[in-house]
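Since the structure comes first, as structure tokens, the remarks are kept for the end.
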Amino acid sequence: MTGLRYVYAVCRPFDAVLKTQLTGVAGDPPRLLPHGGLVAVVSHVPEADFSEEALRAHLEDLDWLSGTARAHQQVIDALTAVTTPLPLRLATVFRDDSGVRVMMEEREEAFRRTLDRLDGRVEWGVKVYVETEPEKASGPAQPAPKPASGRDYLRQRRMQTRANEDLWTRAEEFATRLHETLSARADDARLHAPQNPSLSGAAGRNVLNAAYLVRRDASEEFVENVDRTKDDVPGMRVELTGPWAAYSFAGEESPGEGP
């Protein structure tokens, strides 16, 4: 089959079979390309969509990006179920198999080092949101009395400001304690920038956005630790996602070769 080579991940050889009827980007089933004791997971993609010029245009198309990202993640998820993949960035493309092999040779030492560090581990994501406004925290909202004077107005504003400050202080303390607790139960941790609610669509204000590298055999205990915290502080929402391939800890991304 002709076409460019789309590379999802690099991993060590494995015997398990990927789930049947798995399709990748552009609808092509992924295949294994072994080289030098490593395996690249690749599929064929049309040059019309994945040449350098075509990619520049597609990167402005959110629908195309979303569909490609879903197909890419579907393959990574299937790999994560049977081995420890080192995921490459979205739309890593090479001219042919030879180009993929050259990349693997050039990055072999770094790939092996990273795979050793990630072996038998998965990534869990934990987010904490403040979902209760200060005036709602203690019960049903009551209409604020109309200030009788400028002094009353300023006093109400000061009280509201103090309530906000108290809420954010509690949120930050809770998020800090949770991150310290979970970090102690993980092999590594990463703090990401809080998500913008207008972009993520999530309700509430994100005060913790973290990833944790956890051994597969310790994941059940890690999840239980997260679950035990969910009701610790009223007005806080804790969200757990995973297990994922260790994107946040891969640290090795291979630059795509221009087709």
Side-chain angles (χ1 to χ4, degrees), residues 8-12 41 69 72-90 92 107 109-132 167-254:
Y8 301 92
V10 173
C11 54
R12 297 190 185 280
V41 183
H72 179 103
Q73 187 60 44
Q74 182 172 278
V75 174
I76 298 298
D77 288 345
L79 286 168
T80 304
V82 298
T83 189
T84 300
L86 172 53
L88 302 187
R89 70 178 183 269
L90 189 71
T92 295
R107 304 300 297 276
E109 182 180 347
F111 284 154
R112 289 183 182 278
R113 186 169 57 248
T114 304
L115 284 167
D116 285 344
R117 180 165 51 84
L118 301 182
D119 186 42
R121 293 163 175 81
V122 291
E123 176 175 326
W124 290 92
V126 177
K127 295 181 176 68
V128 175
Y129 296 90
V130 181
E131 61 180 4
T132 305
L167 177 63
W168 302 134
T169 297
R170 292 198 304 273
E172 289 171 359
E173 290 174 349
F174 171 70
T176 298
R177 288 197 309 271
L178 179 60
H179 180 60
E180 290 174 349
T181 297
L182 297 180
S183 295
R185 289 162 172 76
D187 288 352
D188 202 355
R190 295 283 186 275
L191 282 172
H192 299 305
Q195 290 186 327
N196 185 330
S198 64
L199 299 177
S200 68
R205 176 174 168 179
N206 184 208
V207 293
L208 177 68
N209 181 13
Y212 303 90
L213 184 66
V214 181
R215 296 192 323 275
R216 288 180 187 271
D217 59 10
S219 285
E220 184 176 351
E221 181 183 356
F222 182 86
V223 171
E224 290 174 354
N225 272 283
V226 176
D227 286 342
R228 283 197 293 267
T229 71
K230 289 189 173 181
D231 299 320
D232 281 2
V233 180
M236 305 295 155
R237 185 174 82 255
V238 179
E239 291 187 357
L240 173 72
T241 59
W244 309 109
Y247 282 100
S248 298
F249 307 92
E252 300 291 347
E253 289 184 342
S254 173

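Sequential numbering from 1 along the given sequence is applied to the chain's residues.
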Would a 4.5 Å heavy-atom cut-off, applied to side chains only, mark [X] and [Y] as touching?
X: Val238; Y: Phe174; result: yes
X: Asn196; Y: Asn206; result: no
X: Arg190; Y: Tyr247; result: no
X: His179; Y: Tyr212; result: yes

Where is the tightest heavy-atom contact between [X] and [Y], given as atom of each residue plus distance?
X: Asn209; Y: Ala193; value: ND2-O, 3.0 Å
X: Ala211; Y: Glu123; value: CB-OE2, 3.5 Å
X: Val223; Y: Trp124; value: CG2-CH2, 3.6 Å
X: Ala250; Y: Leu118; value: CA-CD1, 4.1 Å

Supply the atom-to-atom distance [X] [atom1] to [Y] [atom2], rounded to the nearest 0.5 angstrom.
X: Arg107; Y: Arg113; atom1: CZ; atom2: CZ; value: 9.0 Å
X: Met236; Y: Arg170; atom1: CE; atom2: CZ; value: 6.0 Å
X: Glu172; Y: Leu208; atom1: CD; atom2: CG; value: 11.5 Å
X: Glu173; Y: Leu178; atom1: CD; atom2: CG; value: 13.5 Å
X: Asp227; Y: Phe222; atom1: CG; atom2: CZ; value: 10.5 Å
X: Asn225; Y: Glu220; atom1: CG; atom2: CD; value: 11.5 Å

Glu239: salt bridge (Lys or Arg N to Asp or Glu O under 4.0 Å) partners, not counting sequence neighbours: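 Per chain and number, Glu239 pairs via salt bridge (Lys or Arg N to Asp or Glu O under 4.0 Å) with Arg237.
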Polar side-chain atom of Arg205 near backbone of Pro194 as donor-acceptor pair, under 3.5 Å: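 Side chain of Arg205 to backbone of Pro194, a donor-acceptor pair under 3.5 Å: no, none is there.
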Given Asp188, Asp187, Asp217, the one that forms side-chain hydrogen bond (donor to acceptor under 3.5 Å, both in side chains) with Arg121: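 Of the listed options, the one satisfying the test is Asp187.
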Enumerate, atom names and distances included, each donor-acceptor pair closer than 3.5 Å involving a side-chain atom of residues 75-86, sequence neighbours excluded.
from  : atom 1 : to     : atom 2 : distance (Å)
Asp77 : OD1    : Gln73  : NE2    : 2.7
Thr80 : OG1    : Ile76  : O      : 2.8
Thr84 : OG1    : Gly120 : N      : 3.1

